[in-house]
Amino acid sequence: MASQHRKPRSPVTRVAGIRTPALATAALASVALLSQTAQAAPSADGKPSLEEVEKKVGDLYRQAESATEKYNAAKEKTAQQRTRVDGLLDDVARRTEKLNEAREELGSFAAAQYRTGASTPDTATFLLADTPQDYFDQTQLMDRLTSRQKESVDAYVTEQSATMKKRQEASRSLQTLTTSQNDLKTAKATVQKKLSDARVLLSQLTAQEKARLAEIEKRRQQEAARKAAELARQQAAERAAQEESAGSAGSDTPSSSPSAPSAPSSSASSSTADASYGTKAGKALSFARAQIGKPYVWGATGPDSYDCSGLTQAAWKAAGVSLPRTTYDQVGAGTTVSLADALPGDLIFFYDDVTHVGLYIGNGMMIHAPKPGAYVREESVFYDGESAIHSVVRPA
């Protein structure tokens, strides 16, 4: 990814307000599509109304989606910390081995001193030697041993200190790893609990209520398709206007002198950049289309299943572009553009807390891994209403 396209992570200007959460079987339909309001009073028997169940399920799935991204972040942090801890433990093991070698060398010096009688006074050593030459040979050896001994002692002390520091560092890293692992378990339990609660609520619906939700979902999809077609017409009109403007500018430009070649125009440079992006985006889209029909699984990055950010990360990886793991980080990994200027390959982010992402394919449509129980599919970017769209980011 070109460095000039990246920017510090910061809140991104919203395209269209704050979202409402997606539902398990119907998502949240707009107020105009509901025959009753979400604030409808409970039924006489105390059982929650269909609208209350619908809202509760939507809230649970959104909370599960948010918890999934937290799980992804905790998992990534745990993996990084595990790598660091393993490296530190290997370093400590190597240093301990060197420490043991230094200790053995000091022991050999002590033994050599004992064998040569280093603790015996010089006069006695001279008298006890077999020959005067033996005395001088022993004295010369002890001079060399004393010098080497000092170096060994210094090396031992230095290595002992360094090994102690590395052990302390490894101990702190192990504590951090334990914290990350606990965060991972907490996030996983949160996701599982939210999904379980949603399944329980849905299982309690009657056949008539499920049919009614299905009808609401059908109407919602029709409205989303209408909005996608409207966006496609708007984008086509803008492209036509730009091409016409570029053509007019070209015809009005006087021809340059043969002896003075003209510099490349800004429009030519822009076209080259668009072509380069289009090539990469085409590879990302080809990969994403090949995943259609595979199940959504929270925390999954392929190849058999994906969550939303796992799919977009894998798609752009196929194009040679590295994206961060979570939606929170992917939203800052590129250049923000307007929805009207979205190109195939752009990332479309959803909801105020940036917990969902899809890959724009043009004509108001995207490929995304929607939610638990669903499969990777093409769908309108307005699948949860226009207000759900958070921002559009061009990652390369």
Side-chain angles (χ1 to χ4, degrees), residues 18-29 34 38-40 42 47-78 179-206 209-210 213-214 216-217 220 294-302 304-313 324-331 348-358 368-377 379 383-385 387-390:
I18 300 176
R19 73 141 177 176
T20 51
L23 286 179
T25 58
L28 281 180
L34 292 175
Q39 290 76 31
K47 181 180 178 181
S49 68
L50 178 61
E51 288 71 26
E52 289 175 327
V53 172
E54 182 186 45
K55 183 179 186 304
K56 180 63 175 177
V57 169
D59 289 343
L60 287 170
Y61 269 87
R62 179 182 175 182
Q63 291 163 14
E65 199 169 32
S66 177
T68 294
E69 291 304 313
K70 291 178 181 178
Y71 169 85
N72 292 338
K75 184 177 181 180
E76 186 175 46
K77 182 178 180 180
T78 299
T179 300
S180 297
Q181 289 174 327
N182 290 337
D183 291 343
L184 186 63
K185 291 178 182 178
T186 299
K188 182 176 182 180
T190 300
V191 173
Q192 293 174 329
K193 181 66 167 60
K194 300 299 182 183
L195 296 180
S196 176
D197 290 347
R199 284 192 291 268
V200 169
L201 284 173
L202 290 171
S203 69
Q204 296 172 346
L205 295 177
T206 65
E209 289 170 331
K210 290 179 180 178
L213 279 178
I216 293 175
E217 169 69 3
R220 184 196 61 79
K294 294 183 178 181
Y296 174 103
V297 174
W298 62 272
T301 57
D304 299 320
S305 57
Y306 297 89
D307 64 15
C308 65
S309 55
L311 176 64
T312 51
Q313 183 189 47
R325 175 63 183 94
T326 67
T327 54
Y328 310 132
D329 292 325
Q330 287 184 12
V331 75
I348 310 287
F349 292 91
F350 297 86
Y351 313 131
D352 192 47
D353 51 0
V354 197
T355 52
H356 189 68
V357 62
H368 69 148
K371 57 198 173 189
Y375 298 84
V376 176
R377 66 193 184 203
E379 193 164 24
Y383 80 107
D384 200 19
S387 63
I389 299 174
H390 178 280

| note | All heavy atoms of A369 vs all of H356, minimum pair found to be O-CE1, 3.2 Å
| Taking all non-hydrogen atoms of both residues, which atom of T327 and which atom of C308 are closest, and how far apart? | CG2-SG, 4.0 Å
| note | Scanning both residues in full, the closest heavy-atom pair of T355 with Y328 reads CG2-OH, 4.0 Å
| message | Do I389 and F349 have side chains that approach each other closer than 4.5 Å (heavy atoms only, starting at C-beta)? | response | no
| Can you name the side-chain contact (heavy atoms from CB on, under 4.5 Å) partners of K75, sequence neighbours left out? | Y71, L184
| query | Which atoms form the tightest heavy-atom contact between Y375 and P370, and what is the distance? | reply | O-CD, 3.2 Å
| Heavy-atom side-chain contact between Y306 and V297 under 4.5 Å | no
| task | Measure across R377 and A374 and return the closest heavy-atom pair with its distance rounded to 0.1 Å. | result | NH1-CB, 4.1 Å
| task | Please list, chain by chain and in numerical order, all residues satisfying side chain to side chain donor-acceptor pair (under 3.5 Å) with S309, sequence neighbours excluded. | result | E69, R325
| D197 vs K193 side-chain heavy atoms within contact, under 4.5 Å | yes
| field | Criterion side chain to side chain contact (heavy atoms under 4.5 Å, CB included) on Y296 and D307, from CA distance to verdict | value | CA-CA 5 Å; Y296 174 103; D307 64 15; 3.8 Å; yes
| query | Are the side chains of T190 and K194 in touch, meaning some heavy atoms are under 4.5 Å apart? | reply | yes
| Distance only, no hydrogens: is a donor on one side chain within 3.5 Å (strictly under) of an acceptor on the other, for Q330 and T312? | yes
| For A189, what residues pass the side-chain contact (heavy atoms from CB on, under 4.5 Å) criterion, not counting sequence neighbours? | none
| message | I need the L202 CG to K210 NZ distance, nearest 0.5 Å. | response | 7.5 Å
| In Å, rounded to the nearest 0.5 Å, how long is the span from CG of D329 to CD of E76? | 7.0 Å
